[in-house]
Amino acid sequence: MRIRKRTVALTLYLVLLLLPVYWMLNMSLRFNADILGTFRLFPSEFTLANYVKIFTDPAWYSGYVNSIIYVSMNTAISLLVALPAAYAFSRYRFIGDKHMFFWLLTNRMAPPAVFLLPFFQLYSTFGLIDTHIAVAISHCLFNVPLAVWILEGFMSGVPREIDETAYIDGYSFPRFFLTVFIPLIRAGVGATAFFCFMFSWVELLLARTLTTTEAKPIAATMTRTVSATGLDWGLLAAAGILTIVPGALVIWFVRNYMAKGFALGRV
Amino acid sequence: MDKTHDNKAWFLVIPVFVIVAFSAIIPLMTVVNYSLQDIFGPNERYFVGTEWFREVLNDSRLHGALYRQLLFSGLVLLIEVPLGVAIALAMPPRGWTASLCLVLLAIPLLIPWNVIGTIWIIFTRPDIGLLGRTINGLGIPFDHTAAPLDAWVTVMLMEVWHWTPLVALLAYAGLRAIPEAYYQAARIDGASAWAVFKYIQLPKMRGVLTIAILLRFMDSFLIYAEPFVLTGGGPGNSTTFLSIYLVKQAVGQFDLGPAAAFSIIYFLIVLLFSWVFYQVLQRVGTGDK
């Protein structure tokens, strides 16, 4: 009985969660005049014109390609540098470790508005403006600290006896780390990869500041829907629906890592 | 269980330090530099010392924005953290239903922030939006463009809708990292669900919940795009949060000096609160005070 009540509550929550998304889907399948003219629960003059426009206009679909490129780069870089650092924080004490750990997080605490100008100057000095790598590196500012923090939490949950046993068994550090330790915290790696992907995907201010045309993100492209006649709501909604797809795929791939959890006794 | 003392561990941290410091240090120095000068043009600037800081600290409109911001972030934490943990506990531990829940939860997080605001404009419109139409249909007049309370309710709803899944996903990942042996031991002892939650699940979620609380505090305190797109800070100033006021000052009045001083003070407030949260969350329930 208890279980059933829980399931009902969870289902209700998920339905409420999906209502705004449904409304966006509903709008994306209608013409603009129809959206603004009448209230409809279901699209009656069903149209795919908005989606066709996005998939055929290079100005639109290149936004998705650009975003996917720099977000993937950022996720890869973040995980690559954060994994060893998180291990160091979870296993060793060293000079300045606590300060360093908290300092990392302070990089997420500055209001971005005024920082955009120095960011632009810094990245133009290195000739990186309008490249995917520029956005990927700038997003490391908030994703690397997050990755270190999440991974450190998961790593601290792994008993240290596992490390010691592996070293006694003659494992070298890299071999132990890659073949024993990382598989143990797969749930954490999966969760971290998703969060890096997500925060980089939705970030707009830095991405827009550091790009002009070649690496322009989809979220910036969406402001194109504002024209002299007002917003094209249908097109915007269709673009919004499509922004969900790549991230949903990512979480689908990492779901097992998050769901399987902690396979103790694997060593 | 003490950690080994070994300064060579720094070599594992250096890559992180380099890549973060590259984007962090020079822009921060530049903004500190702006905050101490009066800037008229690229080559025309005067040192003004702490004048901007005094001006900003005495700005009564900023005080209003700060109170609103504190109230907003406080409500966000009070609603989203318990709700997120409850959702994580209610989610099935494995199977395709768990996968489905994960994907559905992730959806609001994946929509770019400016789009979220835009979608909620339509969603809450009394004439053509599902939510606005439903509430008005129930006989409650609701219009977030006119009534401050309605604007607050709308912004809070949007915020809770958008970000509770983040807490839920983190808590869920934390729950899945608890070894099955703990639950077996609890079953043998005949522990109640509440005891399992209090003595096993909650302590084991400390790490992920610390991150969740800090993230939700920082991001809600710095929130800009969603409420700006939805309400533009209005009606009046009722939803003008700190960052909306900051952008109004930096862009609207093109006053780089005071805006930079504002940014630094803003940053220090976030830093102070986050540090206090961190210290408290590190200690609470562990016995060492």
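As the structure is a computational prediction, the values presented were derived from the model and not from experiment. Just so we're on the same page: letters track the sequence lines, and every chain starts at 1.
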Heavy-atom distance under 4.5 Å to chain A: side chain of [X], backbone, both or neither?
X: Leu166(B); answer: both
X: Asp6(B); answer: both
X: Tyr278(B); answer: side chain
X: Tyr34(B); answer: side chain
X: Trp120(B); answer: side chain
X: Ile111(B); answer: both

Name the option with the most non-hydrogen atom pairs under 4.5 Å to chain B; the candidates are Leu105(A), Leu16(A), Val148(A), Leu249(A). Leu105(A)
Which one of Ile150(A), Leu83(A), Leu80(A), Leu205(A) has the most heavy-atom pairs closer than 4.5 Å to chain B? Ile150(A)
With no hydrogens and no angle check, is any side-chain donor or acceptor of [X] less than 3.5 Å from a backbone partner on [Y]?
X: Ser220(B); Y: Phe217(B); value: yes
X: Thr243(A); Y: Gly240(A); value: yes
X: Ser138(A); Y: Val135(A); value: yes
X: Tyr266(B); Y: Ala260(B); value: no

For Phe102(A) and His99(A), what are the C-alpha separation, side-chain angles and deciding distance, and is it a ring-ring contact (aromatic ring centres under 6.0 Å, His included)? CA-CA 5 Å; Phe102(A) 196 76; His99(A) 301 105; 9.7 Å; no
Select one option (side chain, backbone, both, neither) describing which atoms of [X] are under 4.5 Å from chain B's heavy atoms.
X: Gln121(A); value: side chain
X: Tyr92(A); value: both
X: Ile244(A); value: both
X: Phe177(A); value: neither
X: Trp23(A); value: side chain
X: Leu204(A); value: side chain
X: Phe115(A); value: both

Quick one: do the Tyr123(A) and Ser23(B) side chains pair a donor with an acceptor below 3.5 Å? yes
Any idea how Phe173(A) and Tyr87(A) line up, ring-wise: parallel (<30°), tilted (30 to 60°), or perpendicular (>60°)? tilted
Could you tell me if the ring centre of Phe89(A) sits under 6.0 Å from that of Phe94(A)? yes
Going by ring-ring contact (aromatic ring centres under 6.0 Å, His included), Phe197(A) matches just one of Phe194(A), Trp201(A), Phe195(A). Which one? Trp201(A)
